[in-house]
Amino acid sequence: MIALFWRDVRRGYAEGGATVVIAFFLLVAVLFPFAIGPDAALLAQVGGGVIWAAALLAALLPVERLVQPDLAAGVLDQLAVRGISTAMVAAVKIAAHWCAFAPPLMLAAVIAAGLLDLSAERLLLVEAGLLLGTPGLAALAVATGALVAGLRGAGAVAGLVMLPLAVPLLIFGAGAIEGGTSGLKLLAAVSLVLVAGAPVVAGAAMRAGVE
């Protein structure tokens, strides 16, 4: 399981995977000021929500390569033969994906906050929200990757599956910037539910794919 964890972390950063996610995240953050105008006060007011929307869209990019390559290469079959539960494999994949996805995203959020003219206090709330919410995003991404693995047009299907389920994270993540501690508690609760439930869902989907 440790080898699987580090292999997935390396795969997350390999071939510019993390770079593409961060570039896409920053591109979305840059485009918003062009759409709503250069009003600094307005940008500061909506900036936290923009960062969360950009993070959610960026989280869709790696979904196809979280489970599908292992299913196609027979890695999941080998783990099943060794008696390792698919739920455990999913939990390890969630942890590895978070390590490859969340830290670069939180660093990029600092740049995005500068582009959107966020104050230091609002940036701190955004970073706290991302720290609490990205585990839920990672869990949702792995579960979605397992559900769409092997499907034709998996990328489009992944968006249709993941985006509606991620709406609570978006609402409470953006709301925490105004709601403070109470908003962060709600965000943490939603993220915890996703982290607890996703390994079961992803494990069942992986088991079905192997069989």
Side-chain angles (χ1 to χ4, degrees), residues 1-25 55-109 130-163 165-166 169 188 190-211:
M1 285 294 95
I2 294 174
L4 177 65
F5 171 81
W6 286 115
R7 190 215 60 174
D8 276 17
V9 171
R10 287 195 300 272
R11 193 162 66 181
Y13 285 97
E15 299 176 356
T19 304
V20 171
V21 170
I22 298 313
F24 182 82
F25 170 79
L56 179 57
L57 293 174
L60 279 173
L61 295 182
V63 167
E64 278 188 88
R65 52 186 166 82
L66 294 178
V67 176
Q68 172 61 29
D70 285 345
L71 181 63
V75 174
L76 297 181
D77 295 282
Q78 295 176 25
L79 293 172
V81 168
R82 294 180 184 179
I84 300 173
S85 75
T86 50
M88 177 63 71
V89 173
V92 170
K93 283 185 168 294
I94 290 169
H97 177 49
W98 185 87
C99 289
F101 171 74
L105 187 73
M106 292 177 68
L107 287 175
L130 288 175
L131 183 63
L132 294 171
T134 47
L137 268 183
L140 200 52
V142 171
T144 302
L147 288 170
V148 304
L151 296 181
R152 183 177 298 177
V157 177
L160 294 174
V161 172
M162 183 172 169
L163 287 178
L165 295 174
L169 286 174
V190 173
S191 186
L192 183 61
V193 169
L194 291 173
V195 170
V200 178
V201 174
M206 288 180 190
R207 194 160 51 250
V210 169
E211 294 171 354

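It should be emphasised that the depicted structure is a prediction, and the values quoted were computed from it without experimental measurement.
- Nearest heavy atoms, Leu169 versus Gly136: CD1-C, 3.8 Å.
- Pairs engaging residues 135-150 under the side-chain hydrogen bond (donor to acceptor under 3.5 Å, both in side chains) rule: none recorded [sequence neighbours left out].
- Between Pro199 and Leu194 the shortest heavy-atom distance is CD-O, 4.4 Å.
- For Ala80, there are no side-chain contact (heavy atoms from CB on, under 4.5 Å) partners two or more places apart in sequence or in a different chain.
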- Item | Residue pair Leu76, Thr86: steps toward the side chain to side chain contact (heavy atoms under 4.5 Å, CB included) verdict | CA-CA 8 Å; Leu76 297 181; Thr86 50; over 6 Å; no
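- Expressed to the nearest 0.5 Å, how far CZ of Phe24 lies from CG of Leu57 amounts to 5.0 Å.
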- Could you check Leu4 against Val89 for side chain to side chain contact (heavy atoms under 4.5 Å, CB included), going step by step and ending with a plain yes or no? CA-CA 8 Å; Leu4 177 65; Val89 173; 3.9 Å; yes
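- Note that CG of Leu131 and CG of Leu105 are 11.5 Å apart. Values are rounded to the nearest 0.5 Å.
- In plain terms, the two heavy atoms of Phe5 and Ala95 that are nearest each other are CE1-C, 3.7 Å.
- Under the side chain to side chain contact (heavy atoms under 4.5 Å, CB included) rule, Phe101 has a single partner from Val21, Val9, Leu61, which is Val21.
- Rounding to the nearest 0.5 Å places CZ of Arg11 at 8.0 Å from CG of Leu66.
- Taking each heavy atom of Ala141 and His97 in turn, the nearest pair found is CB-NE2, 3.8 Å.
- The distance from atom CG of Asp77 to atom CE of Met206, rounded to the nearest 0.5 Å, is 12.0 Å.
- Closest non-hydrogen pair, Leu137 versus Ala166, comes out as CD2-CB, 4.4 Å.
- Atoms CG and CG, on Leu79 and Asp70 in that order, are 7.5 Å from each other to the nearest 0.5 Å.
- Around CG of Leu160, the count of heavy atoms belonging to other residues, nucleotides or ligands within 6.0 Å exceeds 12.
- For the pair Lys93 (side chain) and Val67 (backbone), a donor-acceptor distance under 3.5 Å is absent.
- Contact record, Ile22 with Ala108: CG2-CB, 3.5 Å, taken as the closest heavy-atom pair.
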